[in-house]
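Here is the naming used below: chain letters follow the sequence lines, and residue numbers restart at 1 for every chain.
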There are 2 protein chains.
Amino acid sequence: MNSKEIPYKIYLTEEEMPKNWYNLRADMKIKPAPLVNPGTLKPMTAEELGGVFCDELVKQELDNDTKYYPIPDEIRNFYKMYRPSPLVRAYCLEKALGTPAKIYYKFEGNNTSGSHKLNSAIAQAYYAKKQGLVGVTTETGAGQWGTALSMACAYLGLDCKVYMVKVSYEQKPFRREVMRTYGASVTPSPSMDTEVGRNILKEFPGTGGSLGCAISEAVEVAVTNPGYRYVLGSVLNQVLLHQSVIGEEAKIAMDKYGIQPDVVIGCAGGGSNLGGLIAPFMGEKLRGEADYQIIAVEPASCPSFTRGKFAYDFCDTGMICPLAKMYTLGSGFMPSPIHAGGLRFHGMSPVLSQLYHDGYMEARTVEQTAVFEAATQFARTEGILPAPESSHAIRAAIDEALKCKETGEEKTILFGLTGTGYFDMVAYEKFNNKEMTDYIPTDADLEVGLSKLPPQPEF
Amino acid sequence: MNSKEIPYKIYLTEEEMPKNWYNLRADMKIKPAPLVNPGTLKPMTAEELGGVFCDELVKQELDNDTKYYPIPDEIRNFYKMYRPSPLVRAYCLEKALGTPAKIYYKFEGNNTSGSHKLNSAIAQAYYAKKQGLVGVTTETGAGQWGTALSMACAYLGLDCKVYMVKVSYEQKPFRREVMRTYGASVTPSPSMDTEVGRNILKEFPGTGGSLGCAISEAVEVAVTNPGYRYVLGSVLNQVLLHQSVIGEEAKIAMDKYGIQPDVVIGCAGGGSNLGGLIAPFMGEKLRGEADYQIIAVEPASCPSFTRGKFAYDFCDTGMICPLAKMYTLGSGFMPSPIHAGGLRFHGMSPVLSQLYHDGYMEARTVEQTAVFEAATQFARTEGILPAPESSHAIRAAIDEALKCKETGEEKTILFGLTGTGYFDMVAYEKFNNKEMTDYIPTDADLEVGLSKLPPQPEF
């Protein structure tokens, strides 16, 4: 098909939007390893998980077999408020690069949460509401997930309690106010609300908090308050299931115009966006129907895929959550303070970890200043000011396009533009002032976390 | 037509996007009064204006006759990066209000500038580039117009010098950094760059600056630097011409689905959005082809339409710009510090002023806290966190819909949602904390500005 016929932005109609979430696990020959109880080292049962998560979400979490989950009408209607998201042909970026490559990006930032997080937030809130719950609890660092969940809960009339890492609460008041505008209660963590919070405050009175501590508080509030459950924005299988709407939509739009990507690129923190974007493409690959080069891009400062171990580990630094088998740097790993807060996670989705382990995708690292160079070039040519997280994928896409310029190959590149950087201007300011630095951990730095993995289950 | 068939969001295809800007003045029986030289009190000539503005824009500014201006391909291609903007059916808001009214909004906030300002910024930058200029200068208060212009200039490779009111420069570093990311130079005003700036700093060393002073500096830099011209984001006829793309697009989308609005509502500061949104509807009204209730909504604290005089006045508080005949509170009027910075302007577009004077539209005022109540309700039901300026239109749209609830009328309401409030969270924080206040000037307050109008030309 002549590229002249491809519009700048492909929007599906509401009828063309995906009607099902796709469960990638159904097509995996080797399934992701189950979550494990850290006490017994046995797989977590639905009953054990049901104390923390909603029943329907537990079912989704454990389901390795059902290929398609129909998206409930109520969720589809909510999706219609901000979806379909555009599949954009990056004509202007291509021209600026002088590349023969054709670059497409799936843009998930056109909603107030500013990212793809809303796709799973509404699903999790919906099932909580359907179960007759009063509300949900969660933690948030930079605030993207907390914002998305607040929006979903406001829509459904559910209470939403967000535990926000104290230092972010104080330094990022804008995200906090967005959540409050949506009616969420936002508590700086550690707080006096919980036993775990009180203990930490007793021991470290001046602490700025941590994501691990905020998770522990949110879980404690969920399990000790009748009518509440805990929800999480990444890593879990259910989150990847909901996020498959990204890839499904991209695939339908590309099929409509006869476009076949050669390379699919996503940034990788806990894996929510990457897993969602690649889902249908990886499905075809697993079923042997098509081949794609699939690239996960992670920060050089937090290289779980490329320098981590494939082993059981805690998902939280507080070590109260179940163990997951994944590529991990160890729950004790302290990532450097890069600005892509969403990619500063020591582990990786068990689904993606298994696929990477089995050779279905590759991974590479990029450094922070190179990421912001790409972000700035993208903003100036394509107009959208990208989130630092998303800009990892932009960096890799530009690098691939520049390779094509050298070789003359006309590859079709698809990448995930997960969100906007409007709440990340402190990071851009550092870059604009040439005050940004890169962080690459030494092997000794990594050994701190890697040497303290928990006992490994045997089954 | 059954409302069930109307999608949540109507997106035109790129082929369906407007190919022309519509010059409302061509259909006005009584044309807007010409700009006047404050020294001679004679209409400004093209030659006089050409020292400040680009030649093609001067032509557009003075043209009361040409009905349609073809949109140049280069500008249409830029528009395709963020347009068509969605026409949204506010199903969720309607349901929350329990109104039989059908509410639609044209959403202009899905681009990094966060507002409709980009529609004219790219046009003005394009004509500057085409004239072979090196760059453009402008002023910005809150930063929305400066951001839009920076984006347009980055795309075209034009230099962009923004004079930003000093107090905003220091208190709103995020907008400043967006502009810098797009390569603009942003200078706090008053500055030592200009004679006017140096004089003000000598007299008031600690001043936080004002929009009037920033305009004066931007104009001085434009006229004293070869290859530069000054550009402005509102009030001018040319700006309304470019912004007609908003209304044209809305009209095409509504026609496609057989929707006929009864009421068209827009917020009014300098008139750039209101004039653009209503253009094709007002055109039909002027030509006697259809009738619409057209409502301008302004802040109670800055009521130029409702409590101002229809007279010649300066557009800037520095009194160096041409005189325009408009509804004005006097260039010496100091509006209260409400959070809708874009609506704190003492005057109003001459085109809209004439239409209001001639009875083609009505105007009403709303108070700040009522505006934020509407903004919050809108955010929670429709998902989008609106700009304080846009929320003036939301307030009026909700009020109209609630009237329909009482009367049972099934009116179709269209309003302009000009932008997002992501950079206005300080305002939302005040509202969330119940610390927001209202300001209604007394007649004596207004007399300060109204008593000092310049000598009126006679012709």
Side-chain angles (χ1 to χ4, degrees), chain A residues 7-9 11 13-15 77-84 86 88 90-92 109-114 118 147 150-155 157 173-178 180-183 372 375-376 379-386 420-433, chain B residues 7-9 11 13-15 77-84 86 88 90-92 109-114 118 147 150-155 157 173-178 180-183 372 375-376 379-386 420-433:
Chain A
Y8 278 62
K9 295 193 285 344
Y11 279 109
T13 66
E14 287 171 8
E15 291 70 39
N77 284 342
F78 186 87
Y79 279 171
K80 286 177 192 168
M81 291 208 297
Y82 70 100
R83 308 199 67 84
V88 188
Y91 282 118
C92 300
N110 266 352
N111 70 77
T112 293
S113 84
L118 203 48
T147 306
S150 305
M151 290 175 67
C153 287
Y155 180 80
F174 290 178
R175 282 262 189 219
R176 179 189 79 206
E177 288 308 321
V178 177
R180 290 183 68 208
T181 300
Y182 283 92
F372 274 83
T376 301
R380 292 185 184 183
T381 51
E382 289 289 316
I384 300 166
L385 187 112
T420 51
Y422 308 148
F423 292 92
D424 299 287
M425 293 317 299
V426 170
Y428 277 94
E429 182 176 12
K430 280 216 175 129
F431 179 75
N432 292 336
N433 291 340
Chain B
Y8 278 62
K9 294 193 287 338
Y11 279 108
T13 65
E14 287 170 8
E15 291 70 40
N77 285 343
F78 185 87
Y79 279 170
K80 287 178 191 168
M81 292 209 296
Y82 70 100
R83 308 198 68 84
V88 188
Y91 282 118
C92 300
N110 265 352
N111 69 76
T112 292
S113 83
L118 204 49
T147 306
S150 305
M151 290 175 67
C153 288
Y155 179 79
F174 290 178
R175 281 261 189 219
R176 180 189 78 205
E177 288 307 322
V178 177
R180 290 183 68 209
T181 299
Y182 283 92
F372 274 81
T376 301
R380 292 185 184 183
T381 50
E382 289 290 316
I384 299 166
L385 186 113
T420 52
Y422 307 148
F423 291 92
D424 299 287
M425 294 317 299
V426 170
Y428 278 94
E429 182 176 12
K430 279 216 175 131
F431 179 75
N432 292 337
N433 291 341

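No side-chain heavy atom of A:M425 sits under 4.5 Å from any side-chain heavy atom of B:P173. Two residues are said to be in side-chain contact when any heavy atoms from C-beta on lie closer than 4.5 Å; B:K80 and A:P7 fail this criterion. Side-chain contact check for A:Y8 versus B:E14: some heavy-atom pair is nearer than 4.5 Å.
Looking at B:V88, there are no atoms closer than 4.5 Å to chain A (heavy atoms on both sides), in backbone or side chain. Within the 4.5 angstrom heavy-atom criterion, no atom of B:C153 approaches chain A. Within the 4.5 angstrom heavy-atom criterion, only backbone atoms of B:Y82 (N, CA, C, O) approach chain A. Residue B:P84 touches chain A through both its backbone and its side chain, counting heavy-atom pairs closer than 4.5 Å. In this structure, the portions of B:N77 lying under 4.5 Å from any heavy atom of chain A include both its backbone and its side chain.
The aromatic rings of B:Y422 and A:F423 sit tilted, their planes meeting at an angle between 30° and 60°.
Chain A forms the most heavy-atom pairs under 4.5 Å with one residue out of B:M151, B:E382, B:R180, and that residue is B:R180. The candidate from A:Y155, A:Y11, A:Y428 with the greatest count of non-hydrogen atom pairs under 4.5 Å with chain B is A:Y11. Between chain B and the residues A:L385, A:N432, A:N433, the most heavy-atom pairs under 4.5 angstrom are made by A:N432. Annotation: maximal heavy-atom pairing with chain B below 4.5 Å, among A:E15, A:E177, A:R175, occurs at A:E177. Among B:A154, B:G383, B:G114, the residue making the largest number of heavy-atom pairs under 4.5 Å with chain A is B:G383. Taking A:D424, A:V178, A:T420, A:L118 one by one and counting their heavy-atom pairs under 4.5 Å with chain B, the maximum is reached by A:V178.
A salt bridge is defined here as a Lys NZ or Arg NE, NH1 or NH2 lying under 4.0 Å from an Asp or Glu carboxylate O, and A:E429 with B:R176 meets this definition.
Evaluation of the side chain to side chain donor-acceptor pair (under 3.5 Å) rule for B:N111 yields B:S113 as partners, not counting sequence neighbours. For A:Y79, there are no ring-ring contact (aromatic ring centres under 6.0 Å, His included) partners two or more places apart in sequence or in a different chain.
Not one N or O on the side chain of A:T376 forms a donor-acceptor pair closer than 3.5 Å with the backbone of B:T181. Not one N or O on the side chain of A:K9 forms a donor-acceptor pair closer than 3.5 Å with the backbone of B:T13.
Between the OH atom in A:Y182 and the CZ atom in B:R380 there is a gap of 9.5 Å [rounded to 0.5 Å].
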